[in-house]
Protein chains: 2
Amino acid sequence: MEPNAFREHRPSMCRAREILDRVGDKWSLQVIAMLGEGTKRFTELKREIDGISQRMLTVTLRGLERDGIVSRTVFPVMPPRVDYALTPLGATLLDAASALVGWAEAHLDEIDAARADYDTRTAELDALRSS
Amino acid sequence: MEPNAFREHRPSMCRAREILDRVGDKWSLQVIAMLGEGTKRFTELKREIDGISQRMLTVTLRGLERDGIVSRTVFPVMPPRVDYALTPLGATLLDAASALVGWAEAHLDEIDAARADYDTRTAELDALRSS
DNA sequence: CGGGATCCTGGGCGATACTG
DNA sequence: CAGTATCGCCCAGGATCCCG
């Protein structure tokens, strides 16, 4: 049995949920992923992250900045210019999250198959029940 | 520069979001964590996962079962008995997720400090603005 | 015991308009 | 360009009741 962070002590889970709430929302991970490519400006992020509204980009970046995951650099020029980048802490988070993304890519086929399997099985049961 | 699953090709991210939607919801990860300790019954899970409603436990377990992460075994007896356990696939997910939980535990202090820092800084700015 | 079915609310999120 | 402010929708998830 390999070491398992979950088992050590229960209270860690509730704190861990805070982090997953941070990373598990709709946009944070994608923002972190984009910044993993290097420093980017606001509009650049908005252009590259498909479907995000400027409001949610702002909100997400603020949250990540507050947690010390993203750094925000304002240049006092006209028109305004703001650079965003991962902090060292943010970079370590990207690495940790990459493990999950790697898992996802490695097992997507299995999951799709499991879903199809489950759906057909339940469909058969429903058919039986209505007969 | 270490390998980064995010950079390889963009389409992987959208699929990756599916997985984070699965694991990033309010309860899935905790259910997986509990089942990491071994096979458990419905009521057992409900008792050990603090705050979960039976509805959400059912919904969560169904979703995980559909994705092939959790197995469900029904014993046709009275009163009913149903056992839940991680599948091999689920066990690998638990390992991958543990990386994130480990990161969370390792950096909680940094994050708390960053938040406190951010909050006091913005509080000072607000004070200046209202003067 | 292990669920379904139904109802209801909070807040996450999008759309739009305005600003330095 | 990089936001802020406001409004409103939608649905995840909680509460409750019932059932085999």
Side-chain angles (χ1 to χ4, degrees), chain A residues 14 17-18 20-31 34-35 39-66 70-85 118 121-123 125-126 128-130, chain B residues 14 17-18 20-31 34-35 39-67 70-85 118 121-122 125-126 128-130:
Chain A
C14 50
R17 275 245 37 98
E18 290 182 31
L20 278 148
D21 287 342
R22 153 121 315 301
V23 157
D25 67 11
K26 196 170 180 184
W27 302 110
S28 289
L29 235 175
Q30 297 185 60
V31 169
M34 295 311 305
L35 292 180
T39 300
K40 291 183 188 274
R41 300 180 57 173
F42 186 89
T43 313
E44 207 169 347
L45 286 169
K46 173 155 173 43
R47 187 178 343 108
E48 291 175 354
I49 301 176
D50 186 68
I52 194 169
S53 64
Q54 71 255 70
R55 174 186 141 77
M56 285 319 295
L57 181 53
T58 302
V59 169
T60 303
L61 285 168
R62 285 291 183 283
L64 294 172
E65 185 197 359
R66 185 169 110 98
V70 157
S71 68
R72 180 171 181 266
T73 312
V74 183
F75 300 87
V77 297
M78 271 300 293
R81 166 174 179 167
V82 181
D83 281 1
Y84 291 94
Y118 181 91
R121 277 209 313 277
T122 56
L125 286 182
D126 287 352
L128 276 178
R129 201 155 315 166
S130 64
Chain B
C14 50
R17 275 245 37 99
E18 290 182 29
L20 277 148
D21 287 342
R22 152 119 318 299
V23 157
D25 68 9
K26 197 170 180 182
W27 302 111
S28 290
L29 199 56
Q30 297 185 60
V31 169
M34 295 312 305
L35 291 180
T39 299
K40 292 186 187 270
R41 300 180 58 174
F42 186 89
T43 313
E44 207 171 344
L45 287 169
K46 175 158 172 42
R47 187 179 343 109
E48 291 176 353
I49 300 177
D50 188 67
I52 195 171
S53 64
Q54 73 253 72
R55 174 187 140 77
M56 285 318 295
L57 181 53
T58 302
V59 170
T60 302
L61 285 168
R62 284 294 182 281
L64 293 172
E65 185 197 359
R66 186 169 108 99
D67 287 352
V70 157
S71 67
R72 179 170 181 267
T73 312
V74 183
F75 299 88
V77 297
M78 270 303 290
R81 166 173 180 169
V82 181
D83 280 2
Y84 290 94
Y118 181 91
R121 277 209 313 276
T122 55
L125 287 181
D126 286 353
L128 276 178
R129 200 156 317 168
S130 63

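What's counted below: heavy atoms across the whole structure, side chains too, no hydrogens, waters or symmetry copies. Here is the naming used below: chain letters follow the sequence lines, and residue numbers restart at 1 for every chain.
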*Over all atoms of both residues, closest heavy-atom pair of A:K46 and A:I52*: NZ-O, 3.2 Å
*Which heavy-atom pair separates A:A85 from A:T39 by the least distance, and what is that distance?*
CB-OG1, 3.5 Å
_Of A:I52 and B:R41, the one whose closest DNA chain C nucleotide lies more 5'_ = B:R41
What is the distance, rounded to the nearest whole Å, between atom [atom1] of [X] and atom [atom2] of [N]?
X     : N      : atom1 : atom2 : result
A:R55 : C:dA15 : CZ    : P     : 12 Å
B:K46 : D:dG14 : NZ    : C1'   : 11 Å
B:K26 : D:dA12 : NZ    : P     : 13 Å
B:D25 : C:dG12 : CG    : P     : 15 Å
B:D21 : C:dG12 : CG    : C1'   : 13 Å
A:L61 : D:dA2  : CG    : P     : 11 Å
A:L57 : D:dC1  : CG    : C1'   : 13 Å
A:Q54 : C:dT19 : CD    : C1'   : 13 Å

*Go through residues 76-85 of chain B and report each residue with a non-hydrogen atom lying under 4.0 Å from DNA chain D, sorted by number.*
B:P80
*Using only side-chain N and O atoms of B:R72, determine if any of them is under 4.0 Å from OP1 or OP2 of C:dG3.*
yes
*Test A:D83 against A:F75 for side-chain contact (heavy atoms from CB on, under 4.5 Å), laying out the working first.*
CA-CA 8 Å; A:D83 281 1; A:F75 300 87; 3.5 Å; yes
*With rounding to the nearest 0.5 Å, note down the distance linking CG in A:L20 to CG in B:D25.*
10.0 Å
*Please tell me if the side chains of A:L64 and A:R22 come closer than 4.5 Å, counting only heavy atoms from C-beta onward.*
yes
*Apply the test side-chain contact (heavy atoms from CB on, under 4.5 Å) to residues A:Y84 and A:E44: give CA-CA distance (whole Å), side-chain angles for both, the deciding distance (0.1 Å), then the verdict.*
CA-CA 10 Å; A:Y84 291 94; A:E44 207 169 347; over 6 Å; no
